[in-house]
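This report concerns only the one structure given below.
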Amino acid sequence: MRLTFTIQRCNPETGAHPHTEDYRLEVSRGMTVLEGLIRIKNEQDGSLSLRYSCRSAICGSCAMEINGAEKLACRTSVRKELERHGRISVAPLKNLPVIKDLVVDMSSFWQKIREVTPWLSTDPEAGGSYSAGQMTLLPGSHQFHNVDGCIMCGACVAACTSHEVSKQFLGPAALAKADRFFADPREPEAAKRHRLAELGEEHGIWDCTRCNFCVEVCPKDVKPMEAIIRLRRGSIVAGLTSTAGARHIL
């Protein structure tokens, strides 16, 4: 069966405005959108740019917008998309600058991950190091709620309505990563409180509108919005209630 792939093309270096181009491709049973795009690049248009690596829904590199929703191209069935939408339309992730075609600049994404301190912190007042044996994570002593399953694909950021309005918002991926370390029993309580205080500042946990889109598009069932809710709850329990968001809940 021959099928049309409608792909958004854009090359900022040449000043070309975003536009769509159609490619006709003979598709086989079981083909994924990524396989189709690779064939288009190899057989029809070598100038098409896309990002991919593992092809097994592990690396997150091939996240893009497919028929209006953020998905991993390597796990998206052409047949199912055709049955559901009657077409195959592909575009780059929203809310991130386009480098070329389907490739977006993830620099701001990684910067926000770094801003949430994605590692265990010591007591900010003591400034010391961990004692011997304290780094052991015992079975049953923690509950990360699957936030450690995040593959950093950026789909949640592209779907985030708050990020669409405010590019300074830390975003669901970074805040989910912060929740993973907040939930870690090896981090001292003083360090947890300090973490929550920083996350409660402007563009942090209280800027989430709870639209739930990040939960809907996450390919690994991380549920970033629920992680943000846990951080909000932790802030209130810690007595960090001076922000407008916390006062609104109280």
Side-chain angles (χ1 to χ4, degrees), residues 1-109 150-161 163-165 167 171-173 211-222:
M1 178 180 66
R2 290 187 68 80
L3 182 65
T4 298
F5 280 65
T6 300
I7 304 174
Q8 180 172 309
R9 305 293 304 272
C10 178
N11 189 351
E13 291 185 356
T14 63
H17 295 291
H19 62 283
T20 59
E21 293 184 12
D22 291 341
Y23 298 89
R24 294 283 292 172
L25 183 69
E26 190 72 30
V27 299
S28 59
R29 186 177 181 84
M31 177 180 284
T32 65
V33 172
L34 179 59
E35 289 171 338
L37 292 173
I38 293 173
R39 280 193 53 195
I40 290 172
K41 179 176 178 64
N42 291 340
E43 300 172 11
Q44 299 185 31
D45 190 345
S47 69
L48 176 65
S49 294
L50 67 151
R51 182 182 283 143
Y52 64 94
S53 183
C54 73
R55 311 188 197 191
S56 303
I58 295 173
C59 71
S61 300
C62 66
M64 59 187 69
E65 186 177 291
I66 303 173
N67 288 329
E70 292 74 15
K71 301 175 182 178
L72 296 181
C74 67
R75 61 177 288 179
T76 303
S77 165
V78 169
R79 179 179 60 83
K80 290 183 179 179
E81 287 298 308
L82 185 61
E83 291 175 351
R84 186 175 296 117
H85 302 282
R87 59 188 172 86
I88 302 294
S89 179
V90 185
L93 292 176
K94 299 188 298 291
N95 298 330
L96 294 166
V98 176
I99 296 177
K100 186 185 178 189
D101 298 334
L102 303 175
V103 180
V104 295
D105 186 349
M106 300 284 285
S107 299
S108 61
F109 176 89
C150 177
I151 58 174
M152 301 292 164
C153 66
C156 60
V157 171
C160 178
T161 54
H163 194 278
E164 185 176 4
V165 175
K167 294 297 185 287
C211 67
N212 205 50
F213 290 155
C214 60
V215 176
E216 293 180 3
V217 304
C218 179
K220 293 297 182 179
D221 198 33
V222 171

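Here, residue 1 is the first one in the sequence, and each next residue gets the next number.
- Here the closest non-hydrogen pair linking Pro219 and Arg75 is O-NH1, 2.7 Å.
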Where do Lys71 and Val33 land on the side-chain contact (heavy atoms from CB on, under 4.5 Å) test, with the steps shown first? CA-CA 10 Å; Lys71 301 175 182 178; Val33 172; over 6 Å; no
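- Of all heavy-atom pairs spanning Val157 and Ala173, the tightest one is CG2-CB, 4.3 Å.
- Here the OG1 atom belonging to Thr4 is positioned 10.0 Å from the CG atom belonging to Leu82, to the nearest 0.5 angstrom.
- Across all their heavy atoms, Gly46 and Lys41 have their closest contact at O-NZ, 2.9 Å.
- Ion pairing of Arg9 with Asp45 is present here, as a side-chain N (NZ or NE/NH1/NH2) and a carboxylate O approach within less than 4.0 Å.
- Between Met152 and Phe109 there is a side-chain heavy-atom pair separated by less than 4.5 Å.
- Of all non-hydrogen atoms in Leu72 and Cys153, the two that sit nearest each other are CD2-CB, 4.0 Å.
- For Glu83, the CD atom counts as densely surrounded, since its 6.0 Å shell holds more than 12 non-hydrogen atoms of other residues, nucleotides or ligands.
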Verdict with supporting geometry, Arg39 and Glu35, salt bridge (Lys or Arg N to Asp or Glu O under 4.0 Å): CA-CA 6 Å; Arg39 280 193 53 195; Glu35 289 171 338; over 6 Å; no
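- Using a 4.5 Å cut-off on side-chain heavy atoms (C-beta onward), Gln44 and Leu25 make contact.
- With a 4.5 Å cut-off on side-chain heavy atoms, Val90 and Tyr23 do not count as touching.
- Between Ile7 and Glu21, every side-chain heavy-atom pair lies at or beyond the 4.5 Å cut-off.
- How far CG of Leu102 is from CE of Met64: 5.0 Å, rounded to the nearest 0.5 Å.
- Across every non-hydrogen atom of Asn95 and Ala158, the tightest pair is ND2-O, 3.0 Å.
- Using a 4.5 Å cut-off on side-chain heavy atoms (C-beta onward), Lys220 and Cys150 make no contact.
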Atom pairs and distances, donor-acceptor, side-chain atoms in residues 48-63, under 3.5 Å, two or more places apart:
{"from": "Arg51", "atom 1": "NH1", "to": "Val104", "atom 2": "O", "distance (Å)": "3.0"}
{"from": "Arg51", "atom 1": "NH2", "to": "Val104", "atom 2": "O", "distance (Å)": "3.2"}
{"from": "Ser56", "atom 1": "OG", "to": "Cys54", "atom 2": "O", "distance (Å)": "3.2"}

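- Applying the side chain to side chain donor-acceptor pair (under 3.5 Å) rule to Thr6 yields the partners Asp22; only residues at least two apart in sequence or on another chain are considered.
- For Arg29, the CZ atom is loosely surrounded, since the number of other residues' heavy atoms within 6.0 Å does not exceed 12.
- Atom SG of Cys211 and atom NE2 of His163 lie 12.5 Å apart (nearest 0.5 Å).
- With a 6.0 Å radius and a threshold of 12 heavy atoms from other residues, nucleotides or ligands, His17 has its NE2 atom at or below the threshold.
- Remark: Asn11 CG to Ile99 CD1 distance equals 11.0 Å, nearest 0.5 Å.
- The CE atom of Met106 lies 8.0 Å from the OG atom of Ser108; values are rounded to the nearest 0.5 Å.
- Within 6.0 Å of the NZ atom in Lys80, the count of heavy atoms belonging to other residues, nucleotides or ligands does not exceed 12.
- When every heavy atom of Val217 is checked against every heavy atom of Ala159, the shortest pair comes out as CG2-CB, 3.9 Å.
- Here Lys100 contributes atom NZ and Thr14 contributes atom OG1; the two are 8.0 Å apart, rounded to the nearest 0.5 Å.
- A salt bridge links Lys94 with Glu65: the distance from a Lys NZ or Arg NE/NH1/NH2 to an Asp or Glu carboxylate oxygen falls below 4.0 Å.
- Qualifying side-chain contact (heavy atoms from CB on, under 4.5 Å) partners for Asn67, counting only residues two or more places apart in sequence or in other chains: Glu81, His85, Arg87, Ile88, Ser89.
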